[in-house]
Amino acid sequence: MRMRLDRRARTGLLVGALAMFFALDLAFLVSLRGFAFAPDALGQAVIEIMPGFIVVPLIGLLQFWAKRLLVAGVLLGFGACGALAGALAVDPRRRDRTVLAVGALPWVGSVVLGQLFAPGVVDLSSVLLTSAVGAVTYFVALQLLAGVATYQPDGPTGERSPSRRRVLYGAAAVSALVAVASLGAGAAVRGLAKRAEGIPQVARRLRSTVSPPPALETFEALPALTPRITSNADHYTVDTTLIKPSVELGKWTLDVGGAVASPFSLTYDELLDLEAVEQLKTLECISNEVGGDLISTALWTGVPLRDLLARAQPKPETYDGKLTSVDGYTDSIRIEKAMEADTIVAYLMNGVTIPQDHGYPARLLVPNIYGMKNVKWLKSIECVTFDFLGYWMERGWSDLAVVNTNTRIDTPSRAVKWDGTSKIAVAGIAFAGARGIARVELSTDGGGTFTPAELEPALGQLTWVRWKLDWTPPTAGKFTLVARSTDRTGAVETQIKREPFPNGATGWDSVDVIVTRG
């Protein structure tokens, strides 16, 4: 009898897990139409609940893996609840209400916790829909699977019939197919629900345009070197939210207020009617490691923030500009930064309306500071008379967030074949915010001696520069390449290695290269 219960329990666990897999698949397909995926809502609530002394070390340790692991943990929690409810469902001693409570727990929790801790991000009607679809699918699938898969002796051997085994295998196969189909159909479904982001457009009233110098052919010939301008699809993204805000333009306004004489609001169409400027700008995440890839460059079009503030007339005692996103994210910049000519409210990115992942319909761009203060999905700009601490500042990250000078080696890779006479191209990028790059130097002996590299003309005053040095190794072997930069103020990039928290990473990038004859 004990063996029978053990087998029944194992069958129930498998049935419950498969039923939850079905439910998550269908809920995810529904979410592709623009609704909040229930596990994302629950994960967002967890993000909001976690205190800064836990969040900061986790992000520092895991970097971009932090959110991925959070989502994986939430999905495992859904699966565990589904499996447990399945085990209870095949146990005749358990009441139906217990099965119902355990199976519904993650779906109900997504709605309740999402509204309690992340109401500005998780839309109630949206998460209710995907949670309801998921819960109904789960209980229907559990009822069907448990009805045919519950352990029953088939004759004296006590073995399940082949038909029942086929049901389990078939359910697993169909679940896998649905999962794969949901991933493959994602782009098509999103296309059906396409909103206005990513649409080619030109500014109605351009006050100024950019005319970058042409790329040098010697740089363009290096396939491993970073492109001068990053495509929208390849531009890095780092967000605090698992659910990207979906903005309905008919209801969106940009509000400018606070300690001002004349507060006002702009619709999207009114924003586009204002005089605009073009700007080539490099954005870098403050959590970017030395030699990391959380850095990109794009052509932006938007309205100078100081034009908006001039209309609002900030009071003399204004200290900060408080920035609030559609999803409730907050940050701030000093009023002096807000009044700089290169601080803009952008609505075009590389010639198209800003994609959703990058802040549609409008975002802020501020020179010389890290990306976290370049607020996406901008909703309001409020002048305040105190030092406002936003989301990341409350968690210990830098308030000023000035970009550190940094250099990256893109090529060569860690192993190079060499004919013994030709030169090996060593190349990469360097960035120092608005300070610009005056010189890049490369060492091939681990930092003992340095040689100046060739610089390609920068796209603009706020962008990275690409650099290159043609190097002839003295012999085959292992070499440590080290790169450093000097900004236009004459300050040399510091050699001291520091982690990104709290002021951004510092230190020279280095690569160990093995040169072999061939």
Side-chain angles (χ1 to χ4, degrees), residues 47 52 55-70 226-227 229-242 244-245 279-298 300 323 325 327 329-333 337 343 346 349-350 354-359 363-378 390-410 428-435 437 462-465 485 493 497-507 509:
I47 290 175
V55 172
V56 169
L58 278 178
I59 292 177
L61 176 65
L62 301 174
Q63 299 298 319
F64 62 88
W65 283 101
K67 286 202 297 186
R68 297 181 184 182
L69 292 175
L70 172 61
T226 299
I229 294 181
T230 312
S231 69
N232 291 354
D234 292 334
H235 198 290
Y236 86 88
T237 58
V238 176
D239 306 307
T240 63
T241 177
L242 296 175
K244 301 293 191 298
Q279 180 184 105
L280 283 158
K281 176 176 169 57
T282 296
L283 274 176
E284 182 178 11
C285 181
I286 196 170
S287 62
N288 196 28
E289 298 279 358
V290 172
D293 60 359
L294 298 180
I295 181 171
S296 303
T297 297
W300 305 89
L323 312 164
S325 170
D327 64 358
Y329 174 85
T330 58
D331 213 312
S332 66
I333 57 174
K337 293 296 295 183
T343 301
M349 179 181 183
N350 288 331
I354 293 179
Q356 183 185 25
D357 285 352
H358 298 288
R363 67 172 297 166
L364 196 70
L365 291 174
V366 190
N368 211 43
I369 63 176
Y370 284 110
M372 64 181 178
K373 288 183 173 289
N374 294 253
V375 175
K376 298 191 287 188
W377 308 294
L378 191 60
Y391 181 90
W392 287 117
M393 284 79 261
E394 290 179 335
R395 288 157 174 79
W397 291 82
S398 172
D399 189 13
L400 297 179
V402 177
V403 170
N404 296 314
T405 301
N406 59 92
T407 315
R408 188 178 76 194
I409 301 172
D410 287 347
I429 58 170
F431 182 54
R435 302 183 305 279
I437 296 293
L462 303 176
T463 69
W464 58 30
V465 298
S485 294
E493 179 181 357
K497 290 277 188 180
R498 294 192 181 97
E499 294 299 315
F501 180 78
N503 298 309
T506 62
D509 190 22

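This is a predicted model, so every value here is computed, not measured.
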If I compare all heavy atoms of [X] with all of [Y], which pair ends up nearest, and what's the gap?
X: Asn374; Y: Ile369; value: ND2-O, 3.7 Å
X: Val375; Y: Ser325; value: CG1-CB, 4.0 Å
X: Trp464; Y: Thr282; value: N-OG1, 2.8 Å
X: Thr343; Y: Pro367; value: OG1-CD, 3.3 Å
X: Val403; Y: Gly433; value: CG1-N, 4.0 Å
X: Phe431; Y: Leu462; value: CE1-O, 3.6 Å

Between Ile354 and Lys376, is a side-chain contact (heavy atoms from CB on, under 4.5 Å) present by the stated rule, with each step listed? CA-CA 10 Å; Ile354 293 179; Lys376 298 191 287 188; over 6 Å; no
Tell me whether [X] contacts the main-chain N or O of [Y] through its side chain, where contact means a donor paired with an acceptor under 3.5 Å.
X: Tyr236; Y: Cys285; answer: yes
X: Thr230; Y: Thr297; answer: yes
X: Asn404; Y: Thr506; answer: no
X: Lys281; Y: Val366; answer: yes

How many angstroms lie between atom [atom1] of [X] and atom [atom2] of [Y], to the nearest 0.5 angstrom?
X: Ser296; Y: Glu284; atom1: OG; atom2: CD; value: 9.5 Å
X: Trp392; Y: Tyr329; atom1: CH2; atom2: OH; value: 7.5 Å
X: His358; Y: Asn350; atom1: NE2; atom2: CG; value: 9.0 Å
X: Thr463; Y: Ile229; atom1: OG1; atom2: CD1; value: 9.0 Å
X: Glu499; Y: Ser287; atom1: CD; atom2: OG; value: 11.5 Å
X: Leu364; Y: Asp331; atom1: CG; atom2: CG; value: 9.5 Å

Trp300 and His235 aromatic ring geometry - parallel, tilted or perpendicular at 30°/60° bounds: perpendicular
Results of side-chain hydrogen bond (donor to acceptor under 3.5 Å, both in side chains) for Thr407 - residues two or more places apart only: Ser485, Glu493
Any residue meeting salt bridge (Lys or Arg N to Asp or Glu O under 4.0 Å) with Arg408, in chain and number order, not counting sequence neighbours: Asp410
Of all residues at least two apart in sequence or in a different chain, which pass the salt bridge (Lys or Arg N to Asp or Glu O under 4.0 Å) check with Asp399? Arg334, Lys373
Run the numbers on Asn503 and Arg498 for side-chain contact (heavy atoms from CB on, under 4.5 Å), then give the verdict. CA-CA 9 Å; Asn503 298 309; Arg498 294 192 181 97; over 6 Å; no
Is any side-chain heavy atom of Leu365 closer than 4.5 Å to one of Leu283? yes
Less than 4.5 Å apart, side chain to side chain, heavy atoms only: is that true for Pro500 and Glu289? yes
Test side-chain contact (heavy atoms from CB on, under 4.5 Å) on Asp293 and Thr226 and set out the steps. CA-CA 10 Å; Asp293 60 359; Thr226 299; over 6 Å; no
Would Asn232 and Asp357 count as a side-chain contact (heavy atoms from CB on, under 4.5 Å) here? Give the steps. CA-CA 9 Å; Asn232 291 354; Asp357 285 352; over 6 Å; no
